[in-house]
Amino acid sequence: MRVATFNVNSINSRTGALLQWLDETRPDVACLQELKAPQEKFPEAAVREAGYHAVWHGQKSWNGVAMLVREEHGEPQEVKRGLAGDPTDEQSRYIEAIVNGVLVAGLYLPNGNPAPGPKFDYKLAWMERLHARTQAMIDSGVPAVVCGDFNVIPTALDAYKAERWVDDALFRPETRAAWERLLAQGWCDSLRATHPDQVIYTFFDYMRDAYKRNAGLRIDHLLLSPSLAPHLKAAGVDHEVRGREKPSDHAPTWVEFDWPVK
DNA sequence: ATGCCTAATGCAATTAGA
């Protein structure tokens, strides 16, 4: 089973690129972030025509997450929309569904800049709320994949010129510490687990030809639960997608594991 | 320290991204 995450940076500006990538790679599940579209403006018909069921949580202008599931797996059973812990939070950043017996969570973690400040406080609070949800998954023992745009640079290996990022919300000590506490629950960072020492980026700024210079960040992640981690087969980045016409600033990132377990 | 680029909103310039 292959699960992918792709921050599309506007679903309606990226429908063509999304469909091409789906056609080429046919992931079982694709979690999308930054739809930048209200609920009613999601290209449901095009996605269905491509052979995918979809659940999504839109929002006007910003944020927005979706989960696409290849139709042979049946309709995803949506179990969560939005992250518990703050009833005043109206940002569409989290969706969770059961697919083929696996719990899949797709998230768009707040950027948090400028830091320090209220946006950074919101990011850290959001990570605390995520910890509560992911700990519950661990406690239940359910096979789970938690993936998305985390807006977290885990280590200096994960940023071009990391020294420039030390005061940024994506790399500040508080952010990295929250990431480490998440992993300490038992989650496997699948891309790093399969490429322990390699420089791998999932995001390249539109500015200053960052993609051509390989001046990127690794901020899109796919975490496997302890029950799935032993069945990890491969993980990677569909790097070339970032180099196409009118691309998102993120590249699709994916993990593959044996499922059902033989 | 700021703009470099891209997108949404809505029609000019601002907000946001990372």
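Residue numbers begin at 1 in each chain, while the letters A, B, ... track the order of the sequences.
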**Student:** Rounded to whole Å, please give me the gap between CZ in A:Phe203 and C1' in B:dC5.
**Tutor:**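 About 10 Å, once rounded to whole Å.
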**Student:** Could you check whether A:Arg81 makes a cation-pi contact with A:Tyr94, meaning its NZ or CZ is under 6.0 Å from the centre of the six-membered ring and within 45° of the ring axis?
**Tutor:**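 No - A:Arg81 does not lie over the ring of A:Tyr94 by the 6.0 Å and 45° rule.
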**Student:** Hey, does the side chain of A:Lys41 come within less than 4.0 Å of B:dA8's phosphate (OP1/OP2), counting only N and O?
**Tutor:**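 For B:dA8, neither OP1 nor OP2 has a side-chain N or O of A:Lys41 closer than 4.0 Å.
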**Student:** Which value, rounded to the nearest 0.5 Å, describes the distance between A:Asp249 atom CG and A:Glu34 atom CD?
**Tutor:**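 Answer for the CG-CD pair, A:Asp249 versus A:Glu34, is 7.0 Å.
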**Student:** Please report, rounded to the nearest Å, how far the P atom of B:dA7 is from the CD atom of A:Glu245.
**Tutor:**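 Those two atoms, CD and P, are 12 Å apart.
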**Student:** Is any side-chain N or O of A:Asn111 closer than 4.0 Å to OP1 or OP2 of B:dG17?
**Tutor:**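 Checking B:dG17 against A:Asn111, no side-chain N or O comes under 4.0 Å of OP1 or OP2.
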**Student:** Report which part of the nucleic acid A:Lys119 touches: base, sugar-phosphate, or nothing (heavy-atom distance under 4.0 Å, all strands).
**Tutor:**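 Counting heavy atoms under 4.0 Å across all strands, the contact made by A:Lys119 is with sugar-phosphate only.
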**Student:** Please confirm whether the shortest side-chain N or O distance from A:Asn12 to OP1 or OP2 of B:dA8 is below 4.0 Å.
**Tutor:**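 It does not, given that no N or O in the side chain of A:Asn12 lies less than 4.0 Å from OP1 or OP2 of B:dA8.
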**Student:** On a whole-Å scale, what distance lies between the C1' atoms belonging to B:dA7 and B:dA18?
**Tutor:**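 Comparing C1' positions in B:dA7 and B:dA18 gives a spacing of 14 Å.
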**Student:** State whether A:Ser13 places a side-chain N or O below 4.0 Å from either non-bridging phosphate oxygen (OP1 or OP2) of B:dA8.
**Tutor:**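 True: A:Ser13 side-chain N/O within range (under 4.0 Å) of B:dA8 OP1/OP2.
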**Student:** Could you state the CG-P distance from A:Asn113 to B:dT2, rounded to the nearest angstrom?
**Tutor:**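 Atom CG in A:Asn113 sits about 13 Å away from atom P in B:dT2.
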**Student:** Describe the nucleic acid contact of A:Arg14 in one word from base, sugar-phosphate, nothing, applying a heavy-atom distance below 4.0 Å.
**Tutor:**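 Answer is sugar-phosphate: A:Arg14 comes under 4.0 Å of backbone atoms only.
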**Student:** Would you say A:Tyr201 reaches B:dA18's phosphate, i.e. side-chain N/O to OP1/OP2 under 4.0 Å?
**Tutor:**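 For B:dA18, OP1/OP2 do not have a side-chain N/O of A:Tyr201 under 4.0 Å.
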**Student:** I want to verify a distance call: between B:dA16, B:dC5, B:dT9, whose nearest atom is closest to the A:Tyr206 side chain?
**Tutor:**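 Of the candidates, B:dC5 comes closest.
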**Student:** Would you find a donor on one side and an acceptor on the other, under 3.5 Å apart, between the side chain of A:Trp259 and the backbone of A:Asn100?
**Tutor:**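 Yes, the answer is positive, given that a donor and an acceptor are paired below the 3.5 Å cut-off.
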**Student:** Could you check whether A:Phe204 gets within reach of a base, just the sugar-phosphate, or nothing at all, counting any heavy atom under 4.0 Å?
**Tutor:**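 Contact class for A:Phe204: none.
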**Student:** In whole Å, measure the gap between the P atoms of B:dA13 and B:dC4 for me.
**Tutor:**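 My reading of the P atoms in B:dA13 and B:dC4 gives 15 Å.
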**Student:** Hey, could you give me the CG/CG distance between A:Leu228 and A:Leu223, rounded to the nearest 0.5 Å?
**Tutor:**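 CG of A:Leu223 is found 11.5 Å from CG of A:Leu228.
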**Student:** Take atom CG of A:Asp249 and atom P of B:dA7, then tell me their distance rounded to the nearest Å.
**Tutor:**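 Answer to the nearest Å: 9 Å.
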**Student:** If you measure from the P atom in B:dG10 to the same atom in B:dT6, how many Å do you get, rounded?
**Tutor:**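 Approximately 23 Å lies between the P atom of B:dG10 and that of B:dT6.
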**Student:** Quick one: label A:Asn7 by what it contacts on the DNA or RNA (base, sugar-phosphate, nothing), any heavy atom closer than 4.0 Å.
**Tutor:**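 Sugar-phosphate contact only - A:Asn7 comes under 4.0 Å of backbone atoms but never of a base.
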**Student:** Whole angstroms only, please: what is the CG-C1' distance between A:Asp149 and B:dA18?
**Tutor:**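 Taking atom C1' of B:dA18 as the reference, CG of A:Asp149 is at 9 Å.
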**Student:** May I have the distance from A:Gln59 (atom CD) to B:dG17 (atom P), rounded to whole angstrom?
**Tutor:**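 About 11 Å, once rounded to whole Å.
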**Student:** Of A:Ser61 and A:Gly112, whose nearest nucleotide on DNA chain B comes first from the 5' end?
**Tutor:**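 On the 5' side of the pair lies A:Ser61.
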**Student:** Can you figure out which of B:dT9, B:dA18, B:dG17 approaches the side chain of A:Arg93 most closely?
**Tutor:**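 The answer is B:dG17, which lies nearest to the side chain.
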**Student:** Any donor-acceptor pair, under 3.5 Å, between the side chain of A:Asp168 and the base of B:dA18, if you only look at N and O atoms?
**Tutor:**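 Side chain to base: no pair below 3.5 Å.
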**Student:** In terms of the nearest nucleotide of DNA chain B, which residue is placed more toward the 5' end: A:Leu109 or A:Pro38?
**Tutor:**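 By nearest-heavy-atom nucleotide position, the 5'-most residue is A:Pro38.
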**Student:** Quick one: which of B:dA7, B:dG17, B:dA16 gets closest to the side chain of A:Glu34?
**Tutor:**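 The nucleotide sitting nearest to the side chain is B:dG17.
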**Student:** Taking any heavy-atom pair under 4.0 Å as a contact, classify A:Asn151: base, sugar-phosphate, or nothing.
**Tutor:**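 Sugar-phosphate contact only - A:Asn151 comes under 4.0 Å of backbone atoms but never of a base.
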**Student:** Could you tell me whether A:Leu217 contacts a base, only the sugar-phosphate backbone, or nothing, with contacts defined as non-hydrogen atoms closer than 4.0 Å?
**Tutor:**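 Result for A:Leu217 = sugar-phosphate.
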**Student:** Rounded to whole Å, please give me the gap between CE in A:Met207 and P in B:dG17.
**Tutor:**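 Roughly 13 Å, once rounded to whole Å.
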**Student:** Under a 3.5 Å distance rule, please check whether A:Arg181 uses its side chain to pair with a backbone N or O of A:Ala184 as donor and acceptor.
**Tutor:**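 Here the side-chain-to-backbone pair does not exist.
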**Student:** Does A:Asn9 put a side-chain nitrogen or oxygen below 4.0 Å from OP1 or OP2 of B:dA7?
**Tutor:**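 For B:dA7, OP1/OP2 do not have a side-chain N/O of A:Asn9 under 4.0 Å.
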**Student:** On a whole-Å scale, what distance lies between the C1' atoms belonging to B:dA1 and B:dA12?
**Tutor:**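 Looking at atom C1' only, B:dA1 and B:dA12 are 26 Å apart.
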**Student:** Is the shortest side-chain N/O distance from A:His250 to OP1 or OP2 of B:dA18 below 4.0 Å?
**Tutor:**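 Checking B:dA18 against A:His250, a side-chain N or O does come within under 4.0 Å of OP1 or OP2.
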**Student:** Quick one: A:Phe150 CZ to B:dG17 P, roughly how many Å, whole number?
**Tutor:**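 A:Phe150 atom CZ is separated from B:dG17 atom P by 18 Å.
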**Student:** Test your reading of the model: is there a side-chain donor-acceptor pair from A:Arg176 to the backbone of A:Val152, 3.5 Å cut-off?
**Tutor:**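 Absent.
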**Student:** Using only atom types and a distance under 3.5 Å, with no angle test, would you say the side chain of A:Gln33 pairs donor to acceptor with the backbone of A:Gly148?
**Tutor:**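 Looks like no, no N/O pair under 3.5 Å.
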**Student:** Which nucleotide in the list B:dA8, B:dG3, B:dG17 gets nearest to the side chain of A:Ser10?
**Tutor:**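 Of B:dA8, B:dG3, B:dG17, B:dA8 is nearest to the side chain of A:Ser10.
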